[in-house]
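These notes are about the structure you will find just below.
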Amino acid sequence: MKLTLQGLQEKEQWKNAGIGLPSYDIEKVAEETKKNPVWVHFGAGNIFRIFIGGIADTLISSGEMKKGITCVETFDFDVVDKIYRPYDNLVLAVTLKADGSTDKKVLGSLAEAIKAQSEVPEEWDRLKEIFSDKNLQMISFTITEKGYALKGVDGNYFPFIQKDIDNGPEKPVSAMAVVCALLYERFQAGKAPLAVVSMDNCSHNGEKLRNSILTMAKEWEKKGYVTGEFVNYISDEDQVSFPWSMIDKITPRPAESVCRSLEELGIEDIAPVITSKNTYIAPFVNAEGPQYLVIEDHFPNGRPALEKAGVYMTDRDTVNKVERMKVTTCLNPLHTALAVYGCVLGYTLIADEMKDEELNRLVHEIGPVEGMPVVTDPGILSPEAFVDEVINVRIPNPFMPDTPQRIATDTSQKVGIRYGETIKAYVAQYGDAEKLKAIPLAIAGWCRYLLGVDDKGEKFELSSDPMLAELTAALKDVKFGEKESYTGQLKSILSNENIFGIDLYKAGIGEKIEELFVKEIAGPGAVRKTLKENLTDKTKPEEKHENSSGLIFLNPLTEYKQSVTLKMRKAKIFFYQMSEIIYAGSAWIPNIHNYIANGK
């Protein structure tokens with residue numbers, strides 16, 4: 001079997017292999033898309049292919065959309081040459097379930113692949129033709145936050161950005177210059193409205209994208225390349241909008257085990273490739289099942305019915321609240337705690353840490369117990385259901401090759417948001433944060449991690465961090481196995497409001513963190529002993545529940561007095577999942593999260 005339009009003709013073979021095929025005419029969809037594209041996406045990588053491409057596939061399958069997505073690559077053009085065109089733009093989407101099984105499906109919703117090369121007439125003229133089409137409704141992005149960056153730490157434009165500014169819109173190279181030039185083409189073709197939608201995983205992503213494109217346009221205006229009228233056109237969000245969004249789906253690099261299993265099924269030419277720019281990519285994409293996309297509903301030229309494929313369409317404030325819920329309570333704080341303790345305790349996979357009784361309990365206490373009383377509730381998503389899924393489904397997924405070493409990167413830049421916001425909320429609500437037990441333990445774990453010595457007393461390499469030199473210098477006289485070597489070296493760190501957003505001593509937990517830290521440096525096994533001592537279960541049997549990994553914990557719903565029990569919530573998941581299957585048949589649209597969030 002080959003992942004090509006010709007190869008899909010062998011339908012019985014694909015069916016026998018357990019791989020779903022599109023129910024629609026792929027070639028007809030591509031033809032209609034090329035005639036009058038409505039959706040262009042910049043950044044042709046994995047999360048786009050399986051998540052955004054999957055949304056389009058769902059809408060086309062259900063008849064809600066007649067056209068696919070036009071894919072544009074702005075950085076690594078080998079991706080188009082090696083992954084898109086040889087496979088007729090098809091994607092083999094592999095969903096990695098927490099129980100070790102997989103779902104496999106071919107997506108045919110990516111209609112055309114184009115390289116954003118202004119020096120290649122065939123590619124550039126096609127892009128200008130597309131942007132001149134008044135029917136184009138939206139352009140979206142997954143190019144990473146770095147793709148929006150124009151300046152370095154010194155405040156000066158990067159040399160390649162300065163070159164784009166000097167050269168004007170005729171021969172742009174960087175992503176922001178390319179998009180700005182194409183918007184200028186649209187302006188000259190009649191000023192048709194458009195939504196410019198960042199789907200990158202960063203806060204205030206629409207604002208970042210808008211600022212970068214406007215900056216490029218204003219620099220071109222200064223040099224006489226464009227008029228002030230064009231700047232006004234892209235500044236008017238009733239003409240050119242920049243909706244904010246929140247995206248969440250763990251999409252690791254192609255796994256060797258998945259590749260082997262596909263080859264064993266008889267699929268040819270499916271192995272990953274490494275491009276000239278070191279992109280590791282394959283004809284297949286593997287990712288977790290859970291996924292969330294929340295978008296500000298501001299589309300001046302109309303839009304596809306995204307909400308019918310599970311996308312949450314809402315206002316800007318709600319998008320911001322969802323992002324805050326995820327980053328400050330339900331996901332990121334848990335990841336950071338597992339990262340620092342995982343490094344100290346010798347783990348190399350985040351999923352394996354969830355089999356560790358103390359670490360599993362730690363994240364449970366940080367999120368459901370300590371985070372929920374002050375969580376930002378966006379209204380459209382249930383924080384309780386979200387964090388329950390994170391702890392019981394997403395983080396323990398053995399297919400997710402996330403490492404504590406990777407997640408520990410830049411922790412000094414993260415703790416202020418991931419822990420500082422909850423600490424400040426406790427201070428505002430209770431006068432201090434002395435009620436907190438697990439978050440101080442997580443912060444103590446980070447400080448202990450900074451010694452670069454594991455719980456056996458062996459050295460390990462610290463992950464990169466812009467404050468690493470400063471932090472390790474402050475702790476250089478603290479010795480493993482010598483509690484007396486601690487003489488207050490943490491005070492300058494724990495009181496630093498630039499790190500935590502608040503002085504932790506004024507919050508009432510600075511001394512507590514110091515005490516935990518001293519215990520954790522006592523000698524071999526001290527970290528494990530400290531975790532056990534501070535995470536001892538003292539609750540009554542009726543206040544406990546068993547999670548999917550078989551470990552017993554305090555039921556967070558008891559702790560913060562929710563009206564819906566965990567079992568009821570799981571029952572609702574099952575009930576509405578069955579309802580959706582019955583309703584939609586083979587074209588099931590996974591809207592279960594909407595049902596849960598709305599309390600139905």
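Sequence positions, counted from 1, serve as the residue numbers for this chain. Computed from a prediction, not measured in an experiment: that's the story for all the values here.
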Review point. Can you list the steps and then say if Val294 with Val311 is a side-chain contact (heavy atoms from CB on, under 4.5 Å)?
Key: CA-CA 6 Å; Val294 183; Val311 180; over 6 Å; no

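- Judged by the 6.0 Å distance and 45° axis criteria, Lys97 is not positioned over the aromatic ring of Phe399.
- Distance check, rounded to the nearest 0.5 Å: CG of Asp402 to CG of Asp352 gives 12.0 Å.
- Side-chain contact between Trp14 and Val106: present, with at least one pair of heavy atoms (C-beta onward) separated by less than 4.5 Å.
- Using a distance-only test at 3.5 Å, with no hydrogens or angles considered, a donor-acceptor pair links the side chain of Asp99 to the main chain of Ser101.
- For the pair Lys35 and Glu32, the salt-bridge criterion is met [side-chain N within less than 4.0 Å of a carboxylate O].
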Practice item. Begin with the C-alpha distance, continue with both residues' side-chain angles, and end with the deciding distance and a verdict on salt bridge (Lys or Arg N to Asp or Glu O under 4.0 Å) for Arg394 and Glu288. Key: CA-CA 7 Å; Arg394 301 180 67 183; Glu288 66 171 345; 2.6 Å; yes

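- Annotation: the span from Asn89 atom CG to Thr70 atom OG1 amounts to 10.0 Å, rounded to 0.5 Å.
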Check your understanding: Hey, mind stepping through Val94 and Val285 against side-chain contact (heavy atoms from CB on, under 4.5 Å) and telling me if it holds?
Key -> CA-CA 6 Å; Val94 181; Val285 181; over 6 Å; no

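- In this structure, Glu256 places its CD atom where only 12 or fewer heavy-atom neighbours from other residues, nucleotides or ligands lie under 6.0 Å away.
- Checking Ser382 against Glu384 by side-chain atom types alone, a donor-acceptor pair falls below 3.5 Å.
- Listed for the Gln405 side chain is a donor-acceptor partner under 3.5 Å among the backbone atoms of Tyr347.
- The aromatic rings of Phe230 and Tyr184 lie perpendicular to each other, with more than 60° between the two planes, well past the 30° mark.
- Not a single donor-acceptor pair under 3.5 Å links the side chain of Asp269 to the backbone N or O of Lys2.
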Review point. Does the pair Lys34 and Glu27 meet the rule for a salt bridge (Lys or Arg N to Asp or Glu O under 4.0 Å), with working shown?
Key: CA-CA 11 Å; Lys34 290 174 183 176; Glu27 291 180 276; over 6 Å; no

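- Sorted by first and then second residue, the side chain to side chain donor-acceptor pair (under 3.5 Å) pairs with a member in residues 38-55 read Trp39-Ser140, His41-Ser140, His41-Thr142, Asn46-Arg49; sequence neighbours excluded.
- With hydrogens and angles ignored, the 3.5 Å screen pairs no side-chain donor or acceptor of Lys128 with any backbone N or O of Ala181.
- Here NZ of Lys28 is found 12.5 Å from CD1 of Ile60. Values are rounded to the nearest 0.5 Å.
- Glu64 places no side-chain N or O within donor-acceptor distance of the main-chain N or O of Leu59, the cut-off being under 3.5 Å.
- Under the ring-ring contact (aromatic ring centres under 6.0 Å, His included) criterion, the residue pairs touching residues 112-147 are Phe42-Phe141, with sequence neighbours excluded.
- A donor-acceptor contact shorter than 3.5 Å links the side chain of Thr33 to the backbone of Val29.
- Scanning for salt bridge (Lys or Arg N to Asp or Glu O under 4.0 Å) contacts around Lys104 gives an empty result, with sequence neighbours left out.
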**Study point:** Pair Arg85-Val80, side-chain contact (heavy atoms from CB on, under 4.5 Å): steps then yes or no
**Key:** CA-CA 6 Å; Arg85 291 176 181 170; Val80 173; 3.3 Å; yes

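- In this structure, Thr409 contributes its side chain and Arg406 its backbone to a donor-acceptor pair below 3.5 Å.
- Here the side chain of Asn135 pairs no donor or acceptor atom with the backbone of Pro37 at under 3.5 angstrom.
- Residues Thr403 and Thr348 are not in side-chain contact: their nearest non-hydrogen atoms beyond the backbone lie 4.5 Å or more apart.
- Every residue was checked against the salt bridge (Lys or Arg N to Asp or Glu O under 4.0 Å) condition with Lys171, not counting sequence neighbours, and none meets it.
- Other residues, nucleotides and ligands contribute only 12 or fewer heavy atoms inside 6.0 Å of the CD atom of Glu170.
- Pairs of residues two or more places apart, or lying in two chains, that qualify as side chain to side chain donor-acceptor pair (under 3.5 Å) and include a residue from residues 193-208 are Tyr148-Ser198, Tyr148-Asp200, Asn201-Lys326, Ser203-Glu323, His204-Glu207, His204-Asn320, Asn205-Ser245.
- Here Asp315 contributes atom CG and His298 contributes atom NE2; the two are 12.5 Å apart, rounded to the nearest 0.5 Å.
- A 6.0 Å sphere centred on CD of Gln413 holds more than 12 heavy atoms belonging to other residues, nucleotides or ligands.
- Asp78 and Ser276 share a side-chain donor-acceptor pair at under 3.5 Å.
- Salt bridge annotation for Arg186-Asp133: absent, with no cationic side-chain nitrogen under 4.0 angstrom from a carboxylate oxygen.
- No donor-acceptor distance shorter than 3.5 angstrom exists from the side chain of Thr279 to the backbone of Thr275, with no hydrogens or angles considered.
- Note that CZ of Phe284 is 15.5 Å distant from CG of Leu90, once rounded to the nearest 0.5 Å.
- Crowding of Glu119 atom CD: a count of heavy atoms from other residues, nucleotides or ligands under 6.0 Å exceeding 12.
- At least one donor-acceptor pair closer than 3.5 Å links the side chain of Ser118 to the backbone N or O of Pro172.
- Salt-bridge formation is not detected for the pair Glu123/Arg126: no Lys NZ or Arg NE/NH1/NH2 atom is positioned less than 4.0 Å from an Asp or Glu carboxylate oxygen.
- Within a 6.0 Å sphere centred on NZ of Lys277, other residues, nucleotides and ligands contribute more than 12 heavy atoms.
- With sequence neighbours excluded, the residues satisfying side chain to side chain contact (heavy atoms under 4.5 Å, CB included) with Val38 are Lys67, Gln137.
- With rounding to the nearest 0.5 angstrom, the CG atom of Asp57 is 4.5 Å from the CG atom of Leu107.
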